[in-house]
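Below you'll find the structure, written out as structure tokens, and then a few comments.
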Number of protein chains: 2
Amino acid sequence: MKNLAILGSTGSIGRSTLDIVESYPERFRVLTLAAGKNLESAYEQARRWHPRVMSMATEGDAAELRSRLRRDGIKEIEVSHGSPGTVQVATHPEVDFVVSAIVGVAGLEATYEAVKSGKSVGLANKESMVAAGELLTAEAQRHNKPLLPIDSEHNAVHQCLRGGRMEEVESIWLTASGGPFLNTPRSAFASITVQQALNHPTWKMGQRITIDSATLMNKGFEVIEACRLFGVPPERVKVIVHPQSTIHSMVEFVDGSILAQFSVTDMRLPILYALTYPERIASSLRFPVMDLRHLDFTPPDMEKFPCLRLAYEAAREGGSKPIALNAADEVAVAAFLDGSIRFDQIPETIEQVLGETESRKPESINEILLTDAEARTAAKKRVQYLSRSKSPLPWTASAIHHGE
Amino acid sequence: MKNLAILGSTGSIGRSTLDIVESYPERFRVLTLAAGKNLESAYEQARRWHPRVMSMATEGDAAELRSRLRRDGIKEIEVSHGSPGTVQVATHPEVDFVVSAIVGVAGLEATYEAVKSGKSVGLANKESMVAAGELLTAEAQRHNKPLLPIDSEHNAVHQCLRGGRMEEVESIWLTASGGPFLNTPRSAFASITVQQALNHPTWKMGQRITIDSATLMNKGFEVIEACRLFGVPPERVKVIVHPQSTIHSMVEFVDGSILAQFSVTDMRLPILYALTYPERIASSLRFPVMDLRHLDFTPPDMEKFPCLRLAYEAAREGGSKPIALNAADEVAVAAFLDGSIRFDQIPETIEQVLGETESRKPESINEILLTDAEARTAAKKRVQYLSRSKSPLPWTASAIHHGE
């Protein structure tokens, strides 16, 4: 029986994890939960799962949840809140495995504390590895505990890596769907609308990750994650565009053999893999092998998608650069979404901020958060400047199709 | 330094193995060689590699080789011959690893003796696993030594299986090129000519294996080999037609994940893998990942290719049946090649012989060879009958394209 802490229990990964616990009650027990701001969903989860500790983002929601549970006669659930609450959930002494699925830097501290207290951790929080990958992997190694990736690409890589030893790896090949603008001419990028950018061909996701997929920045983050998770230099992590997203990723070994992983695109699979590793347990999720038809693979266009190039540069420099990359991207994407900057100004903003960011090696979560804050400030300044000097955007639905 | 014995040193696998030794002299040493009837090639190999023992198929060739070497002043090579010579090569006390690459049942005894004497064995000899798989795997397990497949499909499976434990395997997926008659209508099978059948689209191979690829019997043998090598029942070994032959094979795990292996189609890769397992060492053989384009997968047509169905039946029954399957196929293919029977009479002959073969479990190589001989006799009788009663064959080049 594995005792689980779920950070981000009301989000998509959190709910999929609870689905798994529902299906395998003899294997997993929900011990602690950290929810965000969704009080209704958190209340339901508390009633259903009776965790030892449940944490909410705000003090107000925590108080409300506490009083509702008291009214229902449920007294054994400790309700906490905020960052200390999340850390409490992540480091509870009886927890064996922490699912880290809080979006953004909010999940960073609790994930780090979980690793530091010797927990096995399943990572769905991208920022943890992009911003704090060097710290996290060092702590995990010190405790000899695995950091198991919960996302289809790195989970696929983790599986393929079992076919050899780390020093036998020639390249890691991350597949990319290519996003909605794979075949859009570069000349049309300035006139891409928010609506067009939010229309991702393969995946239904949150707004930021959808835009990050359209700029290929998401793939850039994955390059950095792969470097940190698997201890390989950026030149050994390759991106290949594969619009069908059937093959989740590949590993090429020094002898010339390549292993590829695929499965149905259901997040429960990588979660299950992480929760049971090094075992595999039976699921009913089957990929019909006959559907392996007409797979396409092409190299990514780094000219058209400068975010990918910037991510490689940040990965090579390490330290403060990936932190700034992530922070500047979050600000730039928000500015694009609210109409302040153009689509092609997202990479422009990030490049500017990266150039302004001093190269250094943060050695604590506080130093990371400081770098993050500085980069956000720089990005906001840049966005304001672009926003003030912008010409009216040619946002007509047809502009993109006709090019210039 | 690994000391190698190569059974079948002048054949294609044998020569590729020697290429590898040439490239990695610090890792491998040629200790003993068993050649066949190619005296010139054997003589050159003896001069180049100075093995401790070199065996020839016939006493005459052995005597000739011995005298040539004496004339050259080379006295330290012991030259032997025949079945005892091959066994001597395979079981030499200083040999660490035996490459078993003699075609046909001729390689059976020496392979078995190698396994029995505790050697690690790389298997390229199909008949060993089809006819004696149960005996071989039992001996290998007793000595806790691996039987490493040297053919692209099983080698791929071996690599993919590293992604989990044997009890976590849902299915093994063997890919098949489909052979030259993948899209030929069944009604045209009676008029397939030898020339058409020898024209394999993907691989250049010997005559028997080329015909076996055209009937899909080769894939049937591979199903039986997979069952024996990996200890899985036939219903867990699936065949899938993949005309590009890019993906060499796949393993599906119980959790729903599938791992696939691919690489350039060069036999040196599986040989290198087998020789260095559990390590991988660097080669210059690189698969261009961008070539992973337009892969097709379709289920095989067991009506059109009855050999595959017969192989599954033989795999399920085990014991004497796979031995008879292999023996009857060898006779039937030879009869097709010399014009005695039609293409569609190959499976007909084999089905007849399988029906006549008593179901039993041979417990020694001698019993296996006896079953093999009986099946050959039965197959020859059947071939004679078909040959006598045949109508003139409609062997015109156009017949196959126009159907009936």
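Bear in mind the structure is a predicted one, so any value in this text is a computation, not a measurement. Per chain, numbering begins at 1; letters A, B, ... match sequence-line order.
- Considering only heavy-atom pairs separated by less than 4.5 Å from chain A, the leading option among B:L272, B:L285, B:V289 is B:V289.
- Options A:A156, A:G256, A:G164 differ in how many heavy-atom pairs under 4.5 Å they form with chain B, and the most are formed by A:G256.
- With a 4.5 Å cut-off on non-hydrogen atoms, B:L259 touches chain A through its backbone and its side chain both.
- Residues B:M250 and A:F262 have side chains in contact (heavy-atom distance under 4.5 Å, counting atoms from C-beta outward).
- Here OG1 of B:T246 is found 10.0 Å from CG of A:L295. Values are rounded to the nearest 0.5 Å.
- Heavy-atom pairs under 4.5 Å with chain A were tallied for B:V241, B:V254, B:N155; the largest tally goes to B:V254.
- Distance OG1/A:T276 to CD/B:E168: 7.5 Å, rounded to 0.5 Å.
- For the options A:E252, A:K238, A:E167, heavy-atom pairs under 4.5 Å to chain B are most numerous at A:E252.
- A:C160 contributes atom SG, which lies 12.5 Å from atom CZ of B:R162 (distance to the nearest 0.5 angstrom).
- Chain A forms more heavy-atom pairs under 4.5 Å with one residue of B:S263, B:S284, B:S257 than with any other, namely B:S257.
- Rounded to the nearest 0.5 Å, atoms CD (B:E279) and CG (A:D255) are 11.0 Å apart.
- Across every non-hydrogen atom of A:W173 and B:M290, the tightest pair is CZ3-CE, 4.0 Å.
- Heavy-atom contacts from other residues, nucleotides or ligands closer than 6.0 Å to CD of A:E303 number 12 or fewer.
- Expressed to the nearest 0.5 Å, how far CD of A:Q261 lies from CD1 of B:I258 amounts to 8.5 Å.
- In this structure, the portions of B:R280 lying under 4.5 Å from any heavy atom of chain A include both its backbone and its side chain.
- Among B:T298, B:L269, B:I281, the residue with the largest count of heavy-atom pairs under 4.5 Å with chain A is B:I281.
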Which is it for A:H242 and B:L292 under the side chain to side chain contact (heavy atoms under 4.5 Å, CB included) test, yes or no, and what are the steps along the way?
-> CA-CA 10 Å; A:H242 169 41; B:L292 265 188; over 6 Å; no
